[in-house]
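Reminder, nothing fancy here: chain letters follow the sequence lines and each chain counts from 1. Computed from a prediction, not measured in an experiment: that's the story for all the values here.
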2 protein chains.
Amino acid sequence: MSPKVKSEPGNVSPRERILGVAVEMARQIGLEGLSIGVLAKEVGMSKAGLFAHFGSKEELQLATLEAAQSVFMQRVIIPAEKTERGLPRLHQVITDWIAMAESACDKGGCFFYSVSAEFDGRPGAIRDRLVLASKQWLDWIQRQIALAKERGHLIAETDPEQLTFEIHAYEQQANWAALLVGQKDAYARAREAVRSRFYALATEQGKAILDAR
Amino acid sequence: MSPKVKSEPGNVSPRERILGVAVEMARQIGLEGLSIGVLAKEVGMSKAGLFAHFGSKEELQLATLEAAQSVFMQRVIIPAEKTERGLPRLHQVITDWIAMAESACDKGGCFFYSVSAEFDGRPGAIRDRLVLASKQWLDWIQRQIALAKERGHLIAETDPEQLTFEIHAYEQQANWAALLVGQKDAYARAREAVRSRFYALATEQGKAILDAR
DNA sequence: CCTACCGATCGGTAGG
DNA sequence: CCTACCGATCGGTAGG
């Protein structure tokens, strides 16, 4: 790939175009329901032409999962890593995470929410990679909570694993409530729950950080 | 239905036997992945023989959903309605709910968790019935919270909708963490989160109720 | 990247 | 409740 072409926006490779459509389809019907024929029609090429890019359905699914992970990195993790460690970074990453899920609400919702329950009972490479990504994300949050504690933003009684559990719970519930029962304020409820949990465990310094945002 | 046959365990109609197997299969592969041919083999009858009981795949899916709802009623709602209204009943229903999900953990997890994300993007009769059941369940919890407030078990500042959101969140997260990332103490974490939320909003009377359980 | 095809399986039907 | 079958679609391949 020639560098001058590579980085120009709007000038994406066929593979990237396919994966972009695949991610959008998977939000709505899952990664297993994703059919090569239907995907090919959507992209505007032949089934065999599309298939040649991946070699198997499982490789297509893995590539789609990777594409979604990459978007998540760009939109949630990378921006937060420019913010100060501890509670500021934690607060920002959770806020961006909720915002990303909310913005995907009309398109079928958060990709990872859509495929989690689909693969928890299907052993294989896709499940394995999904589990790994999920664990890494939980660890990221938990490490940042521990750091916020060390820096005196959260009180010493804070249990990082329990707080991670609760924070992640609100995100899950926001997706469920918004996508299934159509609760309009689901993401606002999640933001309120997160803030209230942070506030209850914040030191004076931590409260000042939260108040400033 | 004659009473002497009806209530004998082990004496179930073919339809009930089929639906029992269907619920177990749907926990693992979902209601859409449920195939009539595979289900028939599992039950030990011919595809057409099984099909005749339902007339269409959608009717089979709806009947499976109803069967799961009926189990939920028997194991969670009905028992709780024998307990005193307000916080005691609320506490018991949530405890039984978590216990039921935990007991299903090795079998593919909570039926409703497994099919929620599958149908939030698939319009139709199944989604409609799932949405209705979910709303009724949320309303049940919210009403009981409101009642616990009226009876002086929870403080006046309690927001029933927000508390319902958070309680339901812990259940969702317990399922996700246990089934996908294999977190062993996920259901214990959910119980702790629920208890801690109740305790923070309990009056002196409410705290006494919680301490007694 | 394409057309044309493979066997397997899908939901569903005919006829008994 | 069965066997036998329908057209459509599935993932995947051959050959160019």
Residues that A:D159 engages under side-chain hydrogen bond (donor to acceptor under 3.5 Å, both in side chains), provided they are two or more places apart: B:R189

Partner set under salt bridge (Lys or Arg N to Asp or Glu O under 4.0 Å) for B:E166, not counting sequence neighbours: A:R197, B:R197

B:R89 side chain to B:E81 backbone, donor-acceptor under 3.5 Å: yes

Nucleotide-resolved protein contact map, nucleotides 1-16 of chain D, B/S/- at heavy-atom distance under 4.0 Å: SBB------SBBB---

Non-neighbouring partners of A:Y170 that pass ring-ring contact (aromatic ring centres under 6.0 Å, His included), sequence neighbours left out: B:Y170

Those residues of residues 116-130 of chain A lying under 4.0 Å from DNA chain D by at least one heavy atom: none

Taking only distance into account, with no hydrogens and no angle test, what donor-acceptor pairs under 3.5 Å do side-chain atoms of residues 135-145 of chain A form with protein atoms, sequence neighbours excluded?
from	atom 1	to	atom 2	distance (Å)
A:Q144	OE1	A:G86	N	3.0

Could you list the donor-acceptor pairs under 3.5 angstrom formed by side chains in residues 67-75 of chain A, with sequence neighbours left out?
none

A:D120: side-chain hydrogen bond (donor to acceptor under 3.5 Å, both in side chains) partners, not counting sequence neighbours: none

Pairing residues for B:E118 by the side-chain hydrogen bond (donor to acceptor under 3.5 Å, both in side chains) criterion, not counting sequence neighbours: none

Each stem that DNA chain C is part of, given as range with range (3 or more consecutive Watson-Crick or G-U pairs, under 3.5 Å): C:1-16 with D:1-16

Validation: residues 39-49 of chain A side-chain donor-acceptor distances under 3.5 Å, sequence neighbours left out:
from	atom 1	to	atom 2	distance (Å)
A:S46	OG	A:G49	N	3.0

Under the side-chain hydrogen bond (donor to acceptor under 3.5 Å, both in side chains) test, residues paired with A:Q92 that sit two or more places apart: A:T83, A:D96

